[in-house]
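As a basis for the values below, the full set of heavy atoms in this structure was taken, side chains included, without hydrogen atoms, waters or symmetry mates.
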Amino acid sequence: MFDLQLAPYFAIGGLSFAVMFTTLTVSPIFLAKPPYSLNASEIGLTYIPIGICMLAGSFFGGTLSDASYARLGKGGRCHDGRLTWLLPVIWIMAAAAVGFGLTLQHGVHLAGPIVFQSVLGFGDSALAPAITGFLGSCRPAQAGAAGSVLLF
């Protein structure tokens with residue numbers, strides 16, 4: 001399954017997944033402390049916007065990946081057509097990860113970390129179908145393994 005040409009896509013997908021779920025794990029620790037001082041139920045409610053953004057991101061990413069592939073794929077010869085729109089999403093996710101950390105560190109209003117975490121969720125969910133579609137079209141016989149490796 002290891003192929004140097006596909007390694008960057010596995011790295012991007014894996015890092016995206018890792019950053020998103022790290023923020024999901026870290027946020028309750030910070031939200032339970034001052035200045036937020038939220039209880040368990042209130043912390044649970046902060047996951048609603050993130051979940052909505054992740055759901056929207058999966059529809060957006062899959063649809064955009066398929067449309068991009070149809071427009072740029074040239075009859076299946078260019079699998080990279082699925083990935084042409086990913087670079088801006090990756091940069092936005094990087095900025096959102098930094099913003100998430102800074103808002104928690106400086107105790108900014110609760111909306112700050114939730115917005116940045118929602119952007120991360122949207123981006124991660126948009127990247128996943130595009131990268132798994134790309135890996136599956138590059139290695140159709142190993143498509144299931146590619147998806148499994150991407151999600152650790």
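The two residues Leu38 and Glu42 have their closest heavy-atom pair at CA-OE1, 3.3 Å. Ala128 and Thr132 get closest at one heavy-atom pair: O-OG1, 2.7 Å. The shortest heavy-atom contact between Leu110 and Pro113 is O-CD, 3.2 Å. In plain terms, the two heavy atoms of Pro129 and Ser65 that are nearest each other are O-OG, 4.4 Å. Heavy atoms only, all atoms of each residue included: Ser16 and Asp124 are closest at OG-OD1, 2.6 Å.
With Ser58 contributing its side chain and Leu55 its backbone, the two residues share a donor-acceptor pair below 3.5 Å. At least one donor-acceptor pair closer than 3.5 Å links the side chain of His109 to the backbone N or O of Ala111. Ser125 places a side-chain N or O within donor-acceptor distance of the main-chain N or O of Met54, the cut-off being under 3.5 Å. In this structure, the side chain of Gln117 engages the main chain of Thr23 through a donor-acceptor pair within 3.5 Å. At least one donor-acceptor pair under 3.5 Å links the side chain of Thr46 to the backbone N or O of Ile43. For the pair Tyr47 (side chain) and Leu24 (backbone), a donor-acceptor distance under 3.5 Å is present.
One hydrophobic cluster, built from ILVMFWY side chains closer than 4.5 Å, cannot hold both Val115 and Val89; they sit in different ones. Using a 4.5 Å cut-off between side-chain heavy atoms of Ile, Leu, Val, Met, Phe, Trp and Tyr, with links allowed through other members, Leu83 and Phe17 fall into the same hydrophobic cluster.
A ring-centre distance under 6.0 Å is not found for Phe30 and Tyr36.
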